[in-house]
Amino acid sequence: MIRTVESEQDVSAPVLAAYSYCEAVTGQQARNFAYGIRLLPTPKRRAMSALYAFSRRVDDIGDGALADGVKSVRLEDTRAMLARVREGSVDEDDIDPVAVALAHAAETFPIPLDGLDELIDGVLMDVRGETYETWDDLKVYCRCVAGAIGRLSLGVFGTEPGARGAERAPEYADTLGLALQLTNILRDVREDAEGGRTYLPGDDLAKFGCSAGFKGSKPPEGADFAGLVHFEVRRARALFAEGYRLLPMLDRRSGACVAAMAGIYRRLLDRIERDPEAVLRGRVSLPGREKAYVAVRGLSGLDARHVTRRAVRRRA
């Protein structure tokens, strides 16, 4: 349940300034995320921007050029800031605008802040250079860095009163996060390899002759790279299908936001499926006009209605 949302006049100037900073970070750095949150009413959009700005800070530490020991210290510093937010000890005139915005968002919406601790845990797994032998192993990482974001976002969105099956909404939000993260992993397979990271499960790599890795524009000699990609695409599609059950539980604009973000990633998945080796040649992306189309489609409610019709057919 969402607490009473303050009007524009009730939000102090320092808090508005902090939100403006977070929205600027989101607009400048969130390629796909920003298309979805533009569809939200102002209080929810600001809260989502605060969540993004915190997450961006954590990701930037993990992806930066600092020594691993320094990264670990910086990540624990962000955890200490999160603890101050949780304790309610962040003042409006705090020098950290992300802390100020996040504290206000957490006072306004029932955001499960433990999800941000999970995000930090996931990035620490990156810092330690962990690899994943099975899909179950990789799911642990994906739940930290993406499933948790889904659950945090649900805290802002809320569910519609009386929505059928709403008790499973956090599960669906988590699953949708996994779908987005697996799509990210496929898209960034070469970039991650060049940075010394491998995310795809070791047993999948071995099954398709890809254990040698992906550091060039061509697959390893003798590898069934297309088979590997199509296998992971099917896994991602199943996750999307399960996660999309969340849409009918949300209000129109929150559902539009989720449908837009998920729709962009589903279209990325389509492109990757059509040309698997494209991910080895460079970053696969959608043009802005196509992202805008997906956002309009989300706002129309087409995806939510499609999910509802499928659920009705299953029950019939």
Side-chain angles (χ1 to χ4, degrees), residues 31-32 58-68 71-72 119 121-147 149 175-243 262-287 290:
R31 293 184 181 91
N32 298 324
V58 173
D59 286 343
D60 284 348
I61 293 170
D63 292 337
L66 298 170
D68 290 346
K71 287 182 180 182
S72 296
L119 173 63
D121 291 340
V123 174
L124 282 168
M125 293 166 76
D126 281 337
V127 172
R128 293 192 296 266
E130 294 193 20
T131 56
Y132 309 97
E133 198 57 34
T134 68
W135 168 237
D136 284 341
D137 295 335
L138 180 59
K139 275 197 295 188
V140 174
Y141 170 78
C142 291
R143 286 211 158 94
C144 285
V145 299
I149 301 300
T175 300
L176 202 52
L178 265 64
L180 269 61
Q181 186 62 25
L182 183 54
T183 304
N184 264 338
I185 288 170
L186 286 172
R187 181 195 63 188
D188 297 339
V189 66
R190 179 177 173 183
E191 181 181 329
D192 289 332
E194 290 173 344
R197 294 177 181 170
T198 301
Y199 291 102
L200 290 174
D203 56 4
D204 292 352
L205 296 174
K207 185 187 306 180
F208 293 94
C210 294
S211 298
F214 314 105
K215 294 188 178 179
S217 60
K218 296 290 183 182
E221 188 70 28
D224 181 11
F225 182 71
L228 171 67
V229 170
H230 289 150
F231 178 80
E232 303 298 349
V233 165
R234 288 194 295 274
R235 175 176 278 156
R237 288 197 189 287
L239 292 168
F240 273 115
E242 181 73 7
I264 288 169
Y265 278 87
R266 286 183 69 188
R267 284 172 176 259
L268 281 174
L269 205 61
D270 290 342
R271 290 190 173 212
I272 293 168
E273 183 178 38
R274 287 195 298 269
D275 183 7
E277 290 190 23
V279 298
L280 299 179
R281 297 192 297 268
R283 178 178 279 255
V284 178
S285 62
L286 301 183
E290 190 168 351

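No experiment lies behind these values; they were computed from the predicted model shown. Just so you know, residue 1 is the first one in the sequence shown, and it goes up from there.
- Atom-to-atom distance recorded for Glu191:CD and Asn184:CG is 10.0 Å, nearest 0.5 angstrom.
- Under the 4.0 Å criterion applied to side-chain N and carboxylate O atoms, Asp136 and Lys139 are assigned as salt-bridge partners.
- Contact between Leu178 and Gly147 at its shortest, heavy atoms only, is CD1-CA, 4.2 Å.
- Among pairs with a residue in residues 179-205, those fulfilling ring pair (Phe, Tyr, Trp, His ring centres under 6.0 Å) read Tyr141-Tyr199, at least two apart in sequence or across chains.
- For the atom pair Asp275 CG and Arg281 CZ, the distance stands at 4.5 Å (nearest 0.5 Å).
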Open item on the list: Test side chain to side chain contact (heavy atoms under 4.5 Å, CB included) on Asp270 and Arg237; report intermediate values, then the result.
Closed with: CA-CA 10 Å; Asp270 290 342; Arg237 288 197 189 287; 2.7 Å; yes
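- Scored by the salt bridge (charged side-chain N to carboxylate O under 4.0 Å, His left out) test, Glu130 finds Arg128 as partners (sequence neighbours excluded).
- Closest non-hydrogen pair, Val145 versus Val123, comes out as CG1-N, 4.2 Å.
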Task: Working for salt bridge (charged side-chain N to carboxylate O under 4.0 Å, His left out), residues Asp121 and Arg143 - done: CA-CA 10 Å; Asp121 291 340; Arg143 286 211 158 94; over 6 Å; no
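- Of all heavy-atom pairs between Val284 and Arg187, the closest is O-CD, 3.4 Å.
- Closest approach of Leu239 and Thr175 over heavy atoms only: O-CG2, 3.4 Å.
- Across every non-hydrogen atom of Ile264 and Leu286, the tightest pair is O-CD1, 3.5 Å.
- Shown here are the side chain to side chain donor-acceptor pair (under 3.5 Å) partners of Glu194, two or more places apart in sequence or in another chain: Arg190.
- Annotation: side-chain contact (heavy atoms from CB on, under 4.5 Å) contacts of Ser285 (sequence neighbours excluded): none.
- Residues Leu200 and Leu205 come closest through the heavy atom pair O-CD1, 3.8 Å.
- With sequence neighbours excluded, no residue forms a side chain to side chain donor-acceptor pair (under 3.5 Å) with Asp59.
- Not counting sequence neighbours, the partners of Asp204 by the salt bridge (charged side-chain N to carboxylate O under 4.0 Å, His left out) test are Arg235.
- For the salt bridge (charged side-chain N to carboxylate O under 4.0 Å, His left out) test, no residue two or more places apart in sequence or in another chain qualifies with Lys71.
- Every side-chain contact (heavy atoms from CB on, under 4.5 Å) that Ala236 has, sequence neighbours left out, goes to Leu182, Thr183, Leu269.
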Task: Test side chain to side chain contact (heavy atoms under 4.5 Å, CB included) applied to Tyr132 and Thr198, step by step - done: CA-CA 8 Å; Tyr132 309 97; Thr198 301; over 6 Å; no
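- Separation of atoms CD (Gln181) and CG (Leu176) is listed at 12.5 Å; rounding is to 0.5 Å.
- Taking Asp203 as the reference, nothing meets the salt bridge (charged side-chain N to carboxylate O under 4.0 Å, His left out) condition, with sequence neighbours excluded.
- A search for side chain to side chain donor-acceptor pair (under 3.5 Å) contacts involving Glu242 returns nothing, not counting sequence neighbours.
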Show me the donor-acceptor pairs within less than 3.5 Å that the side chains of residues 214-230 make with the rest of the protein, sequence neighbours left out.
{"unit_1": "Asp224", "atom_1": "OD1", "unit_2": "Gly227", "atom_2": "N", "d": "2.9"}
{"unit_1": "His230", "atom_1": "ND1", "unit_2": "Ala226", "atom_2": "O", "d": "3.2"}
{"unit_1": "His230", "atom_1": "NE2", "unit_2": "Glu273", "atom_2": "O", "d": "3.0"}

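- With sequence neighbours excluded, the residues satisfying side chain to side chain donor-acceptor pair (under 3.5 Å) with Thr134 are Asp137.
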TODO: Test side chain to side chain contact (heavy atoms under 4.5 Å, CB included) on Leu180 and Ile149 and set out the steps.
DONE: CA-CA 11 Å; Leu180 269 61; Ile149 301 300; over 6 Å; no
